[in-house]
Amino acid sequence: MQMDKLNENQCAFFLTKKKRYCRFKSTANGKYCPEHAGILGIDQGRERVPCPLNPKHYCYKDSVEKHLKKCQKQQKEMPPYFSKGINMDRDGVETGPEVKTPLKEFSTPELQNLIEKVEKLYDEHVKAIDEEILHHHCLDEELGNESFGIPAIRHRKQQASLVGQIQKLGLLQEGFCFVELGAGKGNLSHWIQQALPDKSDLGFVLVDYGHVRYKADNRHKWPDTGPKFERLRIDIADLNLGIVESVSAGQRPVVAVGKHLCGGATDLALRCVTNTLKLRESEEHSQQPEQKKMRTEDNPSQRASLAGVTIALCCHHRCSWDTYIGKEFMEKCGLTQRDFALLCKLSGWTAATWTGWKTKEEMNREISGVSLGVSPNRDIDGVSPNRDIDGVDPNRDISGVSPKCTDSKEDQAETSSTAKNITDKNRQTSQLEGKTTEDKEITGSNELEEHQGQEQSFSRTDLHLSPAQREEIGRKCKRLIDYGRVLYLRNCGLQSQLKTYIEEKLTPENVVIVANIAS
């Protein structure tokens with residue numbers, strides 16, 4: 001790779017991640033800019049200190065007050081629902097910052113001992129989960145588009161199954177506020193709205209920390225395109241969802257949804273909806289012990305209530321002990337913080353060796369091999385029987401295939417086939433969003449490379465494990481992490497379980513956690 005050329009009067013500090021030199025000007029008598037000279041400890045005659053408002057950048061110590069006047073102009077006023085760290089584990093013991101330990105530094109006996117524990121705990125607590133590959137007719141037209149490749153089909157089948165899961169819980173109807181956490185482009189919310197096209201008593205709140213282009217929000221700006229989407233740019237860790245005006249004032253029960261909440265973001269999201277919302281009343285809930293009821297029930301000012309949860313799970317290798325909500329389960333199983341870190345690392349073995357359908361032709365060939373008379377898209381009544389999640393039965397029904405879970409921030413902007421009779425302004429928006437179809441073919445493969453890239457770092461020849469054995473161990477690690485989340489929701493008074501919601505041939509991240517009020 002060609003090295004970036006250093007120009008005259010340019011800072012000589014090389015930015016490794018960006019693979020280029022800093023583009024600031026160097027000082028008159030030095031080779032670095034003031035910022036990097038301060039970081040390197042080079043005496044410039046004036047001391048530089050971290051900015052009190054944002055320690056990520058520096059300023060001169062003798063002009064801090066002047067700098068703050070400028071810096072404050074860039075600081076946004078925090079909304080009322082911002083509460084620093086409200087969804088972090090405030091009841092847990094302070095353990096300090098987590099230190100990432102490479103897998104190679106774990107001894108062979110320690111790894112073997114943990115793998116034995118995983119096998120035993122999996123058989124004891126998980127063993128099997130329901131497979132329910134569902135579909136909703138709102139995506140029929142999209143799934144019939146012949147121009148879509150595997151990445152595009154993957155997302156649409158995934159969304160169709162998630163909408164079907166919400167419907168099966170009895171939550172796909174008027175009178176609810178759908179909150180999509182880690183929303184990215186917001187396509188899941190869009191399809192939920194499309195499933196209820198004539199309903200107006202709905203709320204949609206999309207939560208994401210970053211800025212996203214080609215958002216699905218753009219399709220819901222006008223009165224004739226359904227309820228308007230509200231977007232909150234905030235870290236889930238700091239979100240007090242119960243006092244968001246549109247959530248609390250509308251008094252609609254909240255349905256929390258998510259398509260790609262990466263690693264610890266899932267834990268933050270589940271703690272957010274259980275900590276800052278009240279539990280929707282039920283007869284069973286009214287008879288629960290006090291310690292199982294949500295913390296906000298003693299606060300009548302928080303009127304918003306939680307009705308249910310449907311979140312697709314992924315990226316367990318990015319979970320952290322600080323954010324994890326299933327610590328109580330892990331500790332009862334005799335697993336320590338170090339064991340949990342190793343559990344997360346081993347979970348990456350599942351995706352590291354995963355191979356799935358690469359082309360539509362390959363997918364269609366396998367689908368056409370199933371029993372005649374079985375619809376490729378099962379509706380919510382077409383539920384598969386239970387299966388053991390240890391592995392994939394090559395002879396099982398693969399008719400209800402669904403898409404691989406990739407980062408919703410990278411999701412392809414979807415051009416809805418139902419936009420034939422929309423206004424010119426909507427048509428212009430759809431054309432703008434539709435131009436990313438080709439790009440998604442690339443980002444879908446990049447996501448797969450991200451998971452498969454873990455194989456080398458997780459390879460341990462001293463364990464004498466075949467790729468199939470490592471994949472099975474990784475899958476069991478994932479399910480144990482997820483089972484701790486299920487128990488957390490049950491302790492909050494919800495009915496919760498794990499389900500396989502799409503075929504593994506389209507994604508190794510094919511499990512969803514669902515929860516609703518006990519009836």
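Index from 1, following the sequence.
- Under 3.5 Å, the side chains of T274 and Y488 contain a donor-acceptor pair of N or O atoms.
- Here the closest non-hydrogen pair linking L206 and A183 is CB-CB, 3.7 Å.
- The pair E471-R475 meets the salt-bridge criterion, since a charged nitrogen lies less than 4.0 angstrom from a carboxylate oxygen.
- The side-chain contact (heavy atoms from CB on, under 4.5 Å) check on K228 picks up nothing, with sequence neighbours excluded.
- Remark: H190 NE2 to C138 SG distance equals 8.5 Å, nearest 0.5 Å.
- Closest non-hydrogen pair, P508 versus T350, comes out as CB-CG2, 4.2 Å.
- Checked by atom type and distance alone, the side chain of S347 never pairs as donor or acceptor with a backbone atom of C477 at under 3.5 Å.
- Residues E180 and K259 are not paired through a salt bridge, judged by the lack of any N-O separation under 4.0 Å between the basic side chain and the carboxylate.
- A salt bridge is absent between R231 and D208; no separation between the charged side-chain nitrogens and carboxylate oxygens falls under 4.0 Å.
- Side chain of E509 to backbone of C315: a donor-acceptor contact under 3.5 angstrom is found.
- The closest donor-acceptor contact from the side chain of S161 to the backbone of K157 lies at 3.5 Å or more, if one exists at all.
- Between T276 and L239 there is no side-chain heavy-atom pair separated by less than 4.5 Å.
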Requested in this report: Would you please test Y81 and L241 for side-chain contact (heavy atoms from CB on, under 4.5 Å) and show each step?
Outcome: CA-CA 7 Å; Y81 49 80; L241 186 60; over 6 Å; no

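- Residues T310 and Q165 have side chains that never bring a donor and an acceptor to within less than 3.5 angstrom of each other.
- At a threshold of 4.5 Å between non-hydrogen side-chain atoms, the residues N145 and E142 do not count as touching.
- Using modelled atom types, one side-chain atom of E174 and one backbone atom of D201 make a donor-acceptor pair closer than 3.5 Å.
- Between the side chain of N87 and the main chain of I236, a donor-acceptor pair closer than 3.5 Å is present.
- The NZ atom of K168 sits 4.5 Å away from atom CD of E132, with the distance rounded to the nearest 0.5 Å.
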Query - Derivation and outcome, side-chain contact (heavy atoms from CB on, under 4.5 Å), residues L494 and N516 - result: CA-CA 6 Å; L494 294 164; N516 62 348; 6.0 Å; no

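- Between R485 and I513 there is a side-chain heavy-atom pair separated by less than 4.5 Å.
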Requested in this report: Check the pair L279, C492 against side-chain contact (heavy atoms from CB on, under 4.5 Å), reporting the backbone distance first and the verdict last.
Outcome: CA-CA 8 Å; L279 188 62; C492 289; over 6 Å; no

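- With contacts defined as side-chain heavy-atom distances shorter than 4.5 Å, the pair Q193/F204 qualifies.
- The backbone N or O of T323 lies less than 3.5 Å from a partner atom in the side chain of R271, making a donor-acceptor pair.
- Separating the OH atom in Y209 from the CG atom in D238 is a distance of 8.5 Å, to the nearest 0.5 Å.
- The backbone N or O of I86 sits nowhere less than 3.5 Å from a side-chain atom of S83 that would complete a donor-acceptor pair.
- For the pair Q167 (side chain) and V163 (backbone), a donor-acceptor distance under 3.5 Å is absent.
- Residues L139 and W191 meet the side-chain proximity criterion, which asks for heavy atoms closer than 4.5 Å.
- At distances below 3.5 Å, at least one donor-acceptor pair connects side-chain atoms of Q173 with backbone N or O atoms of G170.
- Between N240 atom CG and L277 atom CG the span is 8.5 Å, to the nearest 0.5 Å.
- In F24, the CZ atom is not crowded: 12 or fewer heavy atoms of neighbouring residues, nucleotides or ligands sit closer than 6.0 Å.
- The minimum heavy-atom distance linking A307 with V255 is given by the pair CB-CG2, 4.3 Å.
- Within a 6.0 Å sphere centred on CZ of R20, other residues, nucleotides and ligands contribute more than 12 heavy atoms.
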Requested in this report: Apply the test side chain to side chain donor-acceptor pair (under 3.5 Å) to residues D482 and H316: give CA-CA distance (whole Å), side-chain angles for both, the deciding distance (0.1 Å), then the verdict.
Outcome: CA-CA 9 Å; D482 294 336; H316 297 73; 2.8 Å; yes

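- Side-chain contact annotation: D130 with Q497, donor-acceptor N/O pair under 3.5 Å present.
- Partners of E245 under the side-chain contact (heavy atoms from CB on, under 4.5 Å) rule, at least two apart in sequence or in another chain, are A249.
- The distance between the ring centers of Y483 and F329 falls below 6.0 angstrom.
- Judged purely by atom type and a 3.5 angstrom limit, K215 uses its side chain to pair as donor or acceptor with the backbone of V212.
- A centroid separation of less than 6.0 Å is found between the aromatic rings of H67 and H57.
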Report task. Please assess L162 against V257 for the test side-chain contact (heavy atoms from CB on, under 4.5 Å), listing each intermediate value before the final yes or no. Result -> CA-CA 9 Å; L162 290 174; V257 300; over 6 Å; no

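- A parallel orientation is assigned to the rings of F229 and H220, their planes being inclined by less than 30° (bins at 30° and 60°).
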